Amino acid sequence: MSDWYSMNVVLIQTTLTTLLLALSIQVPLRYGVFSFAGVGAFGIGGYTGAMAMVHGEWSTWPAVLLGTLVAGVCTFLLGLVVQRLTGLYMGMATIAFTLIISVLAVNGGDWTGGAMGLYGAIGEITTMHIVLAVLIVVAFLAWTEYGRRGRKVDTVREDPELANALGIDVNGYRRLSFLISGLIGGLAGAITTLLRSTITPSEVNFHLVILALTAIVVGGARSWVGALIGAVIFVWLPTFLSFVQEWEKVAYGFIVAVAAIYLPNGVLGVVKDLWHKSRTRDERARVAVGLQEKS
Amino acid sequence: MLEVTDLHVNYGPVNAVHGVSFAAEAGKITLVLGANGAGKTTSLRAVAGFHKPKSGRVVLDGQEITGTSAHKVVRKGMALVPEGRKIFFPLTVEENLKVGAYVAPRASVDQGLAVVFEKFPVLADRRQSAAGLLSGGEQQMLAFGRALMSQPRLMLLDEPSMGLAPTMVDRVLGSVRAMADEGIGILMVEQNADAGLEIADHVVVVNRGETVWTGSAAEAGGSRAIVHAMLGDAALDEA
Amino acid sequence: ACGGSADGSGTDGDGGVATTITIAQVQDQTGAVAYAGVGAKEGAELAVEEINEQGFLGDGVTIDMEVFDTAGEIERASSEMNKAMGNKDVMAILGPTQSQQAATVAPLVGRQKVPTVFTQAGAEGIVVNDYTFRATPPMESYYEPVLDWLEAEGATSVSVLYNATFPTFALLGKDSVPEWAEERGMEVVQSLPVEMTTQDFAGQAQQIASKGADALVMLLIAPQSVTALGQLQDAGYDGQIVATSVQAAGNISEAGDDANDLVYPVPFSVAFTDESSVAFTKAFEAKFDKSPNPYNADGYDAMWWIARAIKASGDSSREGIQEGLQKVAAEGYEGAMGAVTFDGNDARVPGQLVRWMDGKETLVN
Amino acid sequence: MQDLLNAATLGSIYLLFTLGMALVWGTIGILNFAHGATFMFSAFIGHVVTKHTELPFLAVIAIAVAVGAVMSTLTQLLAFQPILKRSKNQHAAEMRILIGGIGVAAIPLAIAQRYTRSSPFGFRSSYDAEVYQFLGLRITTTALIIIVTGLAIGIALTVWLRNSRQGLALRAIGVDAETSAGMGVNRPALALGTMAVAGGLAGLAGALLTFHLGAIAPETGDTLLIKAFAIVVLGGLGSMLGTVLGAYILAAAETFVIFMNWGTWVNAVSFGLIFLILLVRPQGLLGRKEVRRT
Amino acid sequence: MAENTVEETRRGRPLLEVDDVAVHFGGVKAVDGITLELRAGHIYGVLGPNGSGKSTLLGAMTRLTPMTRGSFVFEGNDYTRRPARTVHHMGIARTFQTVRLLDDRSVRDNILLGQDTLAKAGRKDADARVDEVMERVGVTAVARMRPDELSYGMQRRVEFARAIIGRPRLLLLDEPTAGMNSSEREEIGALMKQLLDEGITQFIVEHDVQMMVDTCDYLFAMNFGKLIAEGTPAAVVKHPAVQEAYLGKGAGTHA
Ligand SMILES: Nc1ncnc2c1ncn2[C@@H]1O[C@H](COP(=O)(O)OP(=O)(O)OP(=O)(O)O)[C@@H](O)[C@H]1O
Ligand SMILES: Nc1ncnc2c1ncn2[C@@H]1O[C@H](COP(=O)(O)OP(=O)(O)OP(=O)(O)O)[C@@H](O)[C@H]1O
Ligand SMILES: CC(C)C[C@H](N)C(=O)O
Ligand SMILES: [Mg+2]
Ligand SMILES: [Mg+2]
């Protein structure tokens, strides 16, 4: 067991950081905001944390905190600027934001380490620490998913106008989603960076957007549980696919496509559908024979 | 011209429709009545090719079309005014109508437009505006007009008067009658039973997914089955 | 063989050579620069075959190579490295070829004390502790002769076109090359940085042609070079173009005639005449039925370095190999790349200039 | 002047690549992330074939167009159509189509990467681009062909979508596939046809670009994909003319950056420009505002 | 329908004052200077041909549709410049002309939505309340189903339930009975009267004249964005302009 753990510790840590990254993309999507700024926040958090350690000689946790906050603030400000945009127009603007962060990193000279990135930011982060951070984030998100808050968020996403009519502060929620996404993305970036001691501009890239998005859609887009499922699947998939060797990428593509086709709401959706069906079996049966009681 | 026998339609495990039969004739109006959830829409959609029936037969002009997909059914001369209008929101009023004429001969499009615009002058005023901006009733007119554009031989109407002002109800139902008189077959679901009965020839009553009564419009007036169907099950329980 | 005890497991660090020594190769087998990792794998396979067949480490002692694919991703590099290090049977590692991957795993290697020999990965921040070694000289260490040659050819002005998002090239193009040029009294008339994603070089080609410098230092990745060469031709540039070892390995062959006369320094080429290089080339051609490229040489030399290390310390444990690698480095060796010397744990070769002509490399001079 | 010409060439390259993507996305609402892979793989097959026999220019183009069309058709049949069949509406399918495309794209990419080991590949063809000079400007035949075909196809598509019955039907499908089927539109066939055309365009772009650049890499498709995405959004989803405009604007911005020799700021400048334009015009240059009312 | 209904209407305290409200979309003057007053404790009805601006007026009243001019005062508070979401908090709830339900939430959850922004009461209370409301509109049997599994008429009932669960002081209904048959309409009409007894003032847009006459105390008639008549139901229905613009020959059938 401990052998297994030590061999796979990086995968376990990566699962957790990928979960954070996925959540930073999932949160705005749950609020109906097509923002991929979480990946930009990942870069900001990572670079800020690394710079604090390398240039400022900060210790690990203050650096992580700084990275998280700076990313949160930047993303929040971005949110204010792009508020007016909708759908994939918003998506494009936030992808632009992310790519610009990467360009800034390349051109940041000694501050950011240029093309090579910053290295040597070895933080004192253990798996336990990450688990703790993830627990806090997840607990908070879970709290927003259930009951009254969950219904409000769903309404903001599905029908903003209706939400307004029901007295829900749609714009406020949207701004909030940027802030949360920025904080979580920044946290993910800072932890990832200080964990492996390096960050490079090439990471802050469209591919991260795709990774996060794939994880969410395959896992389930509506809940943190889906993001967790997705993170587990995509971090561990290569290990399980190692038997196909160089065809791993082909198998990966195949699996993603099949998941997109057969899991309309991700893995989590399958579970939820089964749950819904079994719970409403009686009602369906009654509807089926037309026994619609009226008062 | 249309003959539907013992239709069964499922949504997953739910038998929404189990034993609906009705017919439509050229030049005649068949009115389908029933309470909310009785299965009227489901039946119509199954006939139009949107759902594959579990069993039963749909025969059009002596040719079986059970389970034929919607776009082919339209080519056989059937047009549907769907429940809830189903307007193409971002397209303009005129474009909506032109989509309606997709299967009609090219030459007839302009004439079709003229007919619709004459019936509904509001639509003519707004022909270049996005259809999604129209008022509810205006959209209903557009949905009706769009179905006319395909020059159908058989029209399926799912609550064509929904959201229409009384004058417009008269106009729409009036033109339905006029179309029937020109020889077009009409199958119509209508909650406004009074108005519907005024123009209908035959009546079919659906309750709990089954046809429970069939007869002429004249007979329908005092029928108990109709009362049940319209009042829903509470009335049945009392009876 | 030195140490005689062959106890089969050999995990303990108290000396002795195991009968089976597992070496992990943790490099890109797929992804955008897979050619480096796949090349190194072939080279290393040849080396393993030779070592085992010769009984270089003693009778019945064999090296076993296990391949881990890092798939061009930093994340993957660190998790695959960790997997390799977590396997107690793995005694040494051939580390990632891409600088960013290598820099990420370098501290891990130091912490877990697994000797790791990198190939390629030419940037800074890679050979950073006692357990990190590099068998490929960084490009910067053998690039300077290009400028000497240009000077000798009478060039007085140079243009620089470089991929500024690629660490090795960024370093060379931004600082080193201009500095060296200046030292030799050459004028750098223009310096054009591009990005990894730049695909069309028409604009740059035109600018270069209009300045008409005597020479162009072109530091681009493989597909970019093909395009740039063609478009420079179209733009009418007729100065001497010098490039990098990335153009080796046939990566430039798609450019056809446009690539003729291209000159670049390499740590290895089939054109090399050193005895050890020729031997490698022959053996490689015999095994794989194709000509070796510098990446093959990398893997070959790295694996041999490890074998020599085991022999030198007489200890096939991780500690033993680490010590042995340092011992061997202190003396240098004759490898596929010719005479290899070391700066600490970092390999150095003089490198030689080759000229590409009709699909073949020939030595310049 | 020369820079304008370069911008026009680059813009036309972007345009050729983007048109296919814009066509399916703007009409039937399929954002096909496998478009880049289709593009690349068409050129790749051209490469493999010409490795064995040297072929004339048009033959290579024909092969690439055919491969692109077939791949795109298969993608639609095996991935997108099943996804659409299993979703309540277009909106619900959007994300899954995107992810499905990403999955599909991984397959040809992996195959090409493995075959070429990610080295660049080109064509062996009897075609040899010539360089024309006039008024001190230099242009190759390939660039000329790219500019002409790019513009011609862009305009043809614009006109066709605006005026043809099928064009209108396509837009209707994108809004509400089910209802348009109720109007007699054979949705699967029309969608398949559109995807085939888009794939053919990707193949054409792949072949022309490979001729133009001498060689491309398996990853080239990915790079172009992001740019194409940006172009469509910039121009306004659903507007072909917007796409044309977007392609040339992006190319002009990039050429300007090169002109100023800010090589490493290309992405910052071009995406920064897109960002600013969107702030001013939230629905893209020629896009229509979303129609929705109470 | 006696004259004293009007008198009574005048005596109540003003709940909502609408002053010279106009909503123009480019050239389309959807609402063009409407002034009216709603007093607590009544059911008001609005008639008008298609496209006469009824829904747009509701949109403006709930601040969802930006207006060109005019003002709204609810219980003495001018909310003309306040954001839409505050309208619900003030105690104004509405339904929409088209069904707007969340498809992947249960019927029960959809109804609870209307409660969420008001509820200061505990969860238990909300549960009891939602059960009661579902019972009253007749959707108890399908409480855990999802809206897209329901027939159109049932969906409309869910909408209705969502609007009333928060016990608004003013309820705006846009064609609440579209898609229902006459007996089902009667049920809804009866429900409206019950709600009135519970203190919910209502403002209803409907095309079913019979039902409006039966249910409402006071009617407004609109055409081309303007009020063309108001008063007791009987009076408004007989008004020549209304006969002309709205009822047509079908007046006999429907009223
Ligand atoms: N997508 C669906 N999934 C499951 N059940 C459904 C679905 N659509 C309809 N039903 C059920 O099928 C039955 C018939 O519905 P249908 O829409 O045909 O009724 P209707 O007679 O048209 O009613 P209305 O007058 O309200 O429009 C209802 O009980 C409904 O709940
Ligand atoms: N956003 C908009 N842009 C342009 N025109 C609009 C807009 N909203 C409404 N209109 C127009 O304003 C007029 C009034 O529309 P409204 O929906 O208020 O009518 P209505 O009285 O509710 O009609 P109905 O009884 O048919 O529902 C209509 O002609 C409609 O087309
Ligand atoms: C694979 C090689 C091209 C790697 C390159 N030399 C680097 O430093 O990253
Ligand atoms: Mg129905
Ligand atoms: Mg209305």
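The shown structure was predicted, so the numbers you read here are calculated from the model rather than taken from an experiment. Just so we're on the same page: letters track the sequence lines, and every chain starts at 1.
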A:Val81 versus chain D, the contacting section by heavy-atom distance below 4.5 Å: both

Qualifying residue, where the test is ring pair (Phe, Tyr, Trp, His ring centres under 6.0 Å) with D:Phe39 and the options are D:Phe17, D:Tyr14, D:Phe33: D:Phe17

Residue selection (most heavy-atom pairs with chain A, distance under 4.5 Å) from D:Leu276, D:Leu237, D:Ile274: D:Leu237

Per-residue contact mode, A:Ile101 against chain D (heavy atom under 4.5 angstrom): neither

Stepwise ring pair (Phe, Tyr, Trp, His ring centres under 6.0 Å) check, D:Trp25 with D:Phe229: CA-CA 10 Å; D:Trp25 189 12; D:Phe229 179 76; 5.5 Å; yes

A:Glu158 with A:Arg30: basic N within carboxylate O range, under 4.0 Å: no

Toward chain A, the part of D:Leu279 with a non-hydrogen atom under 4.5 Å: both

Chain A contact via D:Phe80 - which portion, at a heavy-atom distance below 4.5 Å: neither

Closest-packed option against chain D by number of heavy-atom pairs under 4.5 Å, given A:Lys249, A:Arg84, A:Glu248, A:His207: A:Arg84

From OG (A:Ser223) to CG (A:Leu228), nearest 0.5 Å: 9.0 Å

Criterion side chain to side chain donor-acceptor pair (under 3.5 Å) on A:Thr200 and A:Glu203, from CA distance to verdict: CA-CA 6 Å; A:Thr200 65; A:Glu203 281 166 80; 3.0 Å; yes

Closest contact, heavy atoms only, D:Arg96 versus D:Arg86: NH1-O, 3.7 Å

A:Tyr252 portion near chain D, given a 4.5 angstrom heavy-atom threshold: side chain

Heavy-atom proximity to chain A below 4.5 Å, by part of D:Ser87: neither

Mutual orientation of the aromatic rings belonging to D:Phe41 and D:Phe44 [parallel < 30°, tilted 30-60°, perpendicular > 60°]: tilted

Pairs of heavy atoms under 4.5 Å with chain A: top-ranked of D:Pro282, D:Ala105, D:Ala93: D:Pro282

Check ion pair A:Asp154-A:Arg157 (N to O, under 4.0 angstrom): yes

Neighbour count above 12 (heavy atom, 6.0 Å) for D:Tyr115 OH: yes

Most chain A-contacting option - heavy-atom pairs closer than 4.5 Å, from D:Ile102, D:Val104, D:Leu84: D:Ile102

Atom pair OG/CE of D:Ser72 and D:Met195 - distance to nearest 0.5 Å: 3.5 Å

Other residues, nucleotides, ligands: >12 heavy atoms within 6.0 Å of A:Phe206 CZ: yes

Closest contact, heavy atoms only, D:Gly154 versus D:Val244: CA-CG2, 4.3 Å

Contacting moiety of A:Ile95, where chain D heavy atoms sit under 4.5 Å: side chain

Close approach to chain A in residues 216-228 of chain D, criterion heavy atom under 4.5 Å: D:Asp222, D:Ile226

D:Ser239 side-chain N/O to D:Gly236 backbone N/O, donor-acceptor pair under 3.5 Å: no

Max heavy-atom pair count under 4.5 Å with chain D, selected residue of A:Ile100, A:Asn107, A:Leu213: A:Asn107

Portion of D:Arg114 that has a non-hydrogen atom of chain A nearer than 4.5 angstrom: side chain

Contact winner vs chain A - D:Leu78, D:Ile99, D:Ile97, D:Val232, heavy-atom pairs under 4.5 Å: D:Ile99

